[in-house]
Amino acid sequence: MSTSTSTSGAKSTTRTERRSHTCNQLRASDVGQTVKLGGWVYRKRDQKHQVFIDLRDHYGVTQLVFDADRPEQLEAARAVRPESVVFVSGEVVAREAKNPKMATGEVELKVTAIEVDSPCEDLSKLLPVAIPKGSNDRDNEQRRMEYRFLDLRRERMHRNIVARDQIIRFMRAHMAEEGFLEVQTPILTNSSPEGARDYLVPSRLHPGQFYALPQAPQQWKQLLMASGFDRYFQIAPCFRDEDARADRSPGEFYQLDMEMAFVGQEDVFGVIERMYKRLVDEVEIPGMKKKTLLEFPFPRIRYWDAIDRFGCDKPDLRFGLELEDVSDALRGTEFALFAEALAGGGHVKALKIPGGAAEGKGYVRKLEKWVKGLGYGGLPHLILKGGAADGSLKKALSEAESQKVFAQLGCVDDDLVVFGCGDRLSAAQVLGDVRNQVAEERGLCDPDVLGFSFLVDYPFYERDEENDKIEFSHNPFSMPQGGMTALEGDPLDVLAYQYDICCNGIELSSGAIRNHRPDIMYRAFEIVGYSKEQVDREFGHMINAFRYGCPPHGGMAPGVERTIMIFLNEPNIREVVAFPKNQHCQDLLVNCPSPVSDAQLEELHLTINLPPTEQTGSA
RNA sequence: GGGGCGGUAGCACAAUUGGUUAGUGUACCGGACUGUCGAUCCGGAGGUUGCGGGUUCGAAUCCCGUCCGCCUCGCCA
């Protein structure tokens, strides 16, 4: 597989009618050649009788030199504004003072002709976004998005978009090598019954009816399996009308959507973990330290093990700090909070923060305040001080109980132990958040290590606490482990062939071996109270496709942007999207969404009916 | 919709917690400099402190309202 990138892949094809070389091509061996370059004026060093200009293009930077022996060109160079596009020609000469920091640092271009093709007019006289490296390039997001075409000129952003291409190109190549067929699926499609809110597109030909943009090509890829295409993939756009997060782009994002027939889940895992391993091994991103894998093959972690050990189902495996179940040590305690949890069949969990007491008295208070901010009740804690228990639970627990906990966790003096209690999930969740927070504070996460894992054995059903009903835990269309037989027993014991892949605490994808058997499907839905008729009404077109011979199949769909984020150590998804939307799903560059004309509305048989408080003009 | 943080020169930030003429860096303009390379040195210009009201002798700072951005909860089969 070729791993050449669009940067290093610059060969003779970069010679054009307008230039002979790129700004990253000239070397000592080119000395004496007459060349023509085009690019942006990057940095100027004006010494009056001699001017140096760093000329920048997509590929790199070349130094231009203007001397007093050509006063006309020298004056032009002094006058040209930064970020203007210029063409220059001249002779490649060896530098008197070489610059080892530049790829082209052994040479420079002695300019005999300069043409300002497209001046940076810069009406305000000042750029709204600072381009040169070294300027703070992560701030004023609003201005950056309004002037994204300038923002993308910056080295880091430009590199990110190139890296995005490298990674996607590599994904395509890998999937092709593994025998996958890339198929495009409809963008104008139908509203799916569950999931996020849909984006709707009104139909002109069918007044009052709407298309929906796909939240994922889920139904299409399953239909492709029913059609006999053994292995499908697509770099698929997905549209969901949900609110933004740092790692969640509002509106639209991409998945490496894949599905394969006649497989079990390990077959799916193999394709994906080979891909990520090769991404790590073979893709080189300029300016990025090479990543290493924490483990290969990726560990398979059962859902409940992940909850018990890490307090979440997307564990960051780069550090320890695992949770302990101290229910047995505290059974029979008179502390009401714990006693109630244990009496209800729940758990008490503990997390040891080594040396946490040495951080000072305010530390626990700060941690507890932070935890409350997340919506938890609080953060009871113990401290081992001079061999005895201290902390907020000092009086609530007996010294013997505290000592049992210390012993189980292997505590030494100054260790801080924080507790969570409740059912198996909620007892662990609060500590899972604390675990991640402590790791971040202490810098325990090696930014160059990728700790992938597959999360497996998700429960198929769960009990809704509010109305005591059995409901699907995750995807109702995944295959229950054990098939029809499993659905005869206690639903809460049924596991699904449902899985996630995560890396460094970020969920990259979920996936499943699908339920392709109508009989099992009806039974699975019957358990949550759906009649056969309801299932047919809501999901009939899928089930119908399974009535004509459909192979067992499954897949997953790793998020493209999230994958790129972890390879680039970017904390925000906007940094890996060329033209991102803001938190309110607006594109500040082109100013969308925006009102449309009355004629357009009329053609679609639509009228706007705004709530009285919101005044939005129509064009 | 809720919570948190923020908005000061083109850009990035500061202003000793209500007190002199709102500073620093960078960018910009002018000057010096023939080997610079994130050039350096000297000088200059640049402000309705998001917007509106209020408290006060005095507001960037405190209060109320409002707009905008980011983070987050809800949401994300």
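Straight-line distance from the CD atom of A/E96 to the P atom of B/C37: 14 Å, rounded to whole Å. One interatomic measurement links the two molecules: NE2 of A/H49 to P of B/A32, which rounds to 8 Å at whole-angstrom precision. Atom CZ of A/R81 is separated from atom P of B/C28 by 8 Å (rounded to the nearest Å). Atom CG in A/D198 sits roughly 13 Å away from atom C1' in B/C76 (whole-Å rounding). Put simply, CG on A/L55 is 16 Å from C1' on B/U36, counting in whole angstrom units. As a whole-Å value, the separation of A/H474 NE2 from B/C76 C1' is 12 Å. Between A/D241 atom CG and B/G74 atom C1' the separation is 15 Å, expressed in whole Å.
Among the protein residues, A/N475 comes within range of the sugar-phosphate backbone only, with heavy atoms under 4.0 Å from sugar or phosphate atoms but none that close to a base.
Atoms CZ and CE, from A/R574 and A/M565 in turn, are 9.5 Å apart once rounded to the nearest 0.5 Å.
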Atom pairs under 3.5 Å, N or O on each side, protein against nucleotides 68-72 of chain B: can you list them with distances?
residue : atom : partner : partner atom : Å
B/C68   : O2'  : A/Q142  : OE1          : 2.9
B/C68   : O2'  : A/Q142  : NE2          : 3.3
B/G69   : OP1  : A/N582  : ND2          : 3.0
B/G69   : OP1  : A/Q586  : OE1          : 3.3
B/C70   : OP1  : A/Q583  : N            : 3.2
B/C70   : O3'  : A/R574  : NH2          : 3.0
B/C71   : OP1  : A/N572  : ND2          : 2.3
B/C71   : OP1  : A/R574  : NH2          : 3.1
B/C71   : OP2  : A/Q583  : NE2          : 2.8
B/C71   : N4   : A/Q583  : OE1          : 3.3
B/U72   : OP2  : A/A246  : N            : 2.8
B/U72   : O4   : A/Q583  : OE1          : 3.4

Would you tabulate the nitrogen or oxygen pairs shorter than 3.5 Å linking the protein to nucleotides 39-45 of chain B?
residue : atom : partner : partner atom : Å
B/A39   : OP2  : A/R45   : NH1          : 3.1

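For B/U17, the O4'-C1' to base torsion is within 90° of 0; the nucleotide is therefore syn.
Mapping A/V129 and A/R78 onto RNA chain B by nearest heavy atom places A/V129 at the nucleotide closer to the 5' end. Comparing A/A97 and A/A68 along RNA chain B, the residue whose closest nucleotide (by nearest heavy atom) sits nearer the 5' end is A/A68.
Of the P atoms belonging to B/A22 and B/A27, the separation is 25 Å, rounded to the nearest Å. One P atom belongs to B/G7, the other to B/A15, and the distance between them is 11 Å to the nearest Å. With both ends at atom C1', the span from B/C71 to B/A32 equals 49 Å, rounded to whole Å. Only the C1' atoms considered, B/G6 is 14 Å distant from B/U49, to the nearest whole Å. Here the separation of B/G10 from B/G74, taken at their P atoms, is 40 Å to the nearest Å. B/C33 and B/G46 have their C1' atoms separated by 26 Å, with the value rounded to a whole Å.
Put simply, A/K101 has a side-chain N or O that comes within less than 4.0 Å of OP1 or OP2 on B/G38.
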Table please: side-chain donor-acceptor pairs of residues 103-112 of chain A below 3.5 Å, with sequence neighbours left out.
residue : atom : partner : partner atom : Å
A/T104  : OG1  : A/V61   : O            : 2.6
A/E108  : OE1  : A/Q63   : NE2          : 2.9
A/K110  : NZ   : A/D67   : OD2          : 3.0
A/K110  : NZ   : A/D69   : OD2          : 3.3
A/T112  : OG1  : A/S89   : O            : 3.2

